[in-house]
Amino acid sequence: MEQPPDRKNRPWRFSTFVYSSSILFLLLSILILSFTTTDLYKTQSLRLTFTAHRIYTYLQPLFSKSETHKPLSSPSHCVLWMAPFLSSGGYSSEAWSYVLSLRRNLENPKFRIAIEHHGDLQSIEFWNGLARETKELAIEMHNTVCRPNETIVVCHSEPGAWYPPLFETLPCPPYGYGDFRGVIGRTMFETDRVNRQHVERCNKMDRVWVPTEFHVSSFVESGVDSSKVVKIVQPVDVDVFDPLKYEPLDLVEIGDLVLGGSGVRGLGLGFVFLSVFKWEQRKGWDVLLKAYLSEFSGKDSVALFLLTNAYHSDGDFENKIVDFVKELNLEEGEGGYASVYVIDKHIAQVDLPRLYKAADAFVLPTRGEGWGRPIVEAMAMSLPVIATNWSGPTEYLTEENGYLLVVEEMSEVKGGPFEGHLWAEPSVDKLRVLMRRVVSEPDEAKVKGKRGREDMVKNFAPEVVAKVVADQIERIFKEKIRR
């Protein structure tokens, strides 16, 4: 009797039943929603665009007597990178930076790259905002077929999304740990420790990649096996984030004035501070507003622009800011409050460099960062940067290339999954001093901004990080072969 094919030697897939059911449901959903213009319809359309070839791959065996596959092209080794590629958060941008760095900068690569969305919801706005070249490359990588016994899986997400997931998402690795050549967890935390449950999940991995020395220490001290923890810094695309290539966005046109006077650049807007973050306590928006509105008033030629989006909350940012200022009981200075604008519209990835180009300085008094992607993007754009001297930014921010914001004390996280952990409380008074200093000493700020870009090019350019990542992957393949 003919033996069934070994699952490990088949291209990666779930059971035929699961996928055929999912495909039928997807096609039915698209048919039903074809007369609507809702976000749900848009998301389903995005999913169809991203998975059309996969649907054909999975349906084909249902209508043939035996599974036949075209020979895989050389090299046979494969890396299946699973991350929130269709989302717009930090893990998404980080994952894109890795896979694009690998694809564009490796000569004679020893492995192929496949990608799969995992770990977060999908965003049609984010997908539409990607460059055409990136979309085409994404579909190509998504269509890459990998055999499990020749594949290393990278689970690029928070550990709660790893197999078995603690919430609804495609599990990573797709069906457990034993069938693949190796499994890497790529993750990070913004507090002083790792949850016990997440420590257990990390220890199931062959490797745990973290972005900074801060994370190496906190993960090991929390109980993650030190032999598994490896620092792999994030790349920043210094060719895309190059200040010489762009004209600035019109910030007044895309921003909504919340406090202070109005104006246009050169006629009253003056020195522009920019901050980019999702609206949550961890990002220190309260520290920023308190310091900015205490230090500056309407007589100062300054403006603060906040690019933000809702995070487990409603998006009524204007009223949130007004209510916060009332609670501060902060008296308006001469000329009223200094100008504060909110940008809560989606800014396409291709337009982000123009956003940074429109600012004079970047500021983020964060309580904790895994890495701080907007910070390094701002540095790549030669902006002087003010950021908290704790957690992720300690990997790249120095006295020479930026302004280090002092931590006043450590405070306990009061709610959410990190309740009981500690994070930083940046000093409001020191932030006032640094923001005034950047405005009053532009020559010094320019020097720091220039050094910031130089450091990004030298240490975090895609070609630099791609080699480090490739070496780590090839090392794991060699270790597994010897076993």
Side-chain angles (χ1 to χ4, degrees), residues 6-14 72-85 91 94-95 97-99 101-103 106 108-119 141-142 144-165 169-188 194 198-211 215-216 219-220 223-235 465-483:
D6 183 355
R7 181 171 68 174
K8 294 183 180 182
N9 293 321
R10 299 203 310 266
W12 171 76
R13 65 188 66 204
F14 285 124
L72 294 175
S73 61
S74 182
S76 62
H77 285 164
C78 193
V79 173
L80 173 61
W81 208 293
M82 300 183 66
F85 286 105
Y91 277 118
E94 183 187 56
S97 71
Y98 281 119
V99 297
S101 296
L102 289 168
R103 279 299 302 262
L106 292 184
N108 302 316
K110 298 180 181 178
F111 53 84
R112 294 170 297 120
I113 301 174
I115 66 173
E116 185 66 74
H117 180 82
H118 141 91
M141 289 188 289
H142 190 262
T144 299
V145 180
C146 300
R147 300 188 189 280
N149 67 336
E150 298 173 337
T151 299
I152 289 175
V153 181
V154 178
C155 299
H156 194 147
S157 56
E158 60 107 346
W162 299 350
Y163 185 92
T169 186
L170 183 66
C172 184
Y175 43 76
Y177 296 83
D179 292 321
F180 295 93
R181 182 64 64 90
V183 184
I184 298 167
R186 167 58 169 172
T187 194
M188 52 195 161
V194 182
H198 288 169
V199 168
E200 295 173 357
R201 287 171 171 255
C202 287
N203 283 330
K204 290 181 180 179
M205 297 289 178
D206 293 291
R207 294 287 191 280
V208 178
W209 288 354
V210 295
H215 292 96
V216 172
F219 273 57
V220 172
V224 180
D225 186 342
S226 61
S227 67
K228 296 176 181 284
V229 182
V230 180
K231 184 183 81 171
I232 305 288
V233 299
Q234 281 192 34
V465 179
K467 185 178 186 307
V468 174
V469 174
D471 288 346
Q472 286 292 326
I473 290 171
E474 291 166 14
R475 184 177 304 174
I476 296 175
F477 275 122
K478 289 178 182 178
E479 289 176 0
K480 296 293 183 177
I481 291 173
R482 286 199 295 268
R483 294 178 187 175

Sub-4.5 Å side-chain heavy-atom contact between Val99 and Met141: yes

Nearest heavy atoms of Thr169 and Gly119, plus distance in Å: OG1-N, 2.8 Å

Minimum side-chain heavy-atom gap Val154-Val79 below 4.5 Å: yes

Test log, rule side-chain contact (heavy atoms from CB on, under 4.5 Å), inputs Ser226 and Phe219: CA-CA 8 Å; Ser226 61; Phe219 273 57; over 6 Å; no

Validation row: Val469, Ser101 side chains within 4.5 angstrom (heavy atoms): no

Side-chain donor/acceptor of Arg186 to backbone N/O of Glu158, under 3.5 Å: no

Test side-chain contact (heavy atoms from CB on, under 4.5 Å) applied to Cys78 and Phe111, step by step: CA-CA 5 Å; Cys78 193; Phe111 53 84; 5.9 Å; no

Pairwise side-chain contact, Pro211 with Ile232, heavy-atom cut-off 4.5 Å (strictly under): no

Spatial distance of atom CD (Glu150) from atom CZ (Phe180) [nearest 0.5 Å]: 12.0 Å

Smallest separation among heavy atoms of Val216 and Lys231, with atom names: CG2-CB, 4.0 Å

Nearest heavy atoms of Pro148 and Tyr175, plus distance in Å: CG-OH, 3.1 Å

Aromatic plane relationship, Phe477 with His77 - under 30° parallel, 30 to 60° tilted, over 60° perpendicular: parallel

Side chain proximity check, Val468 to Val233, heavy atoms < 4.5 angstrom: no

Spacing of Leu80 atom CG and Arg112 atom CZ [to the nearest 0.5 Å]: 11.0 Å

For the student: nearest non-hydrogen atoms of Ala466 and Leu102, plus distance: O-CD2, 3.6 Å

Evaluation steps, side chain to side chain donor-acceptor pair (under 3.5 Å), between Arg201 and Tyr163: CA-CA 8 Å; Arg201 287 171 171 255; Tyr163 185 92; over 6 Å; no

Beyond-backbone contact of Gln472 with Lys467, side-chain heavy atoms, under 4.5 angstrom: no

Spatial distance of atom OG (Ser157) from atom NE2 (His118) [nearest 0.5 Å]: 3.0 Å

Within the 6.0 Å centroid threshold, strictly below: His142 and Phe85: no

4.5 Å side-chain heavy-atom contact, Met82 and His156: no

Side-chain touch Pro75/Pro109, heavy atoms, less than 4.5 angstrom: no

Any donor-acceptor pair under 3.5 Å from Thr144 side chain to Ala114 backbone: no

Separation between CG of Asn203 and CG of Asp225, rounded to the nearest 0.5 Å: 5.5 Å

Pair Arg207 + Glu479: basic N to acidic O under 4.0 Å: yes

Closest non-hydrogen atom pair, His198 against Val194: CB-CG1, 3.7 Å

Check against side-chain contact (heavy atoms from CB on, under 4.5 Å), Val208 and Val210: CA-CA 6 Å; Val208 178; Val210 295; 4.2 Å; yes

For the student: nearest non-hydrogen atoms of Thr151 and Cys146, plus distance: OG1-CB, 3.2 Å

Leu106 side, atom CG; Ile473 side, atom CD1 - distance, nearest 0.5 Å: 8.5 Å

Steps toward side-chain contact (heavy atoms from CB on, under 4.5 Å) verdict (Tyr98, Val465): CA-CA 8 Å; Tyr98 281 119; Val465 179; 3.9 Å; yes

Ion pair check, Asp471 and Arg475, cut-off under 4.0 Å: no

OG1-CE distance between Thr187 and Met205, expressed to the nearest 0.5 angstrom: 9.0 Å

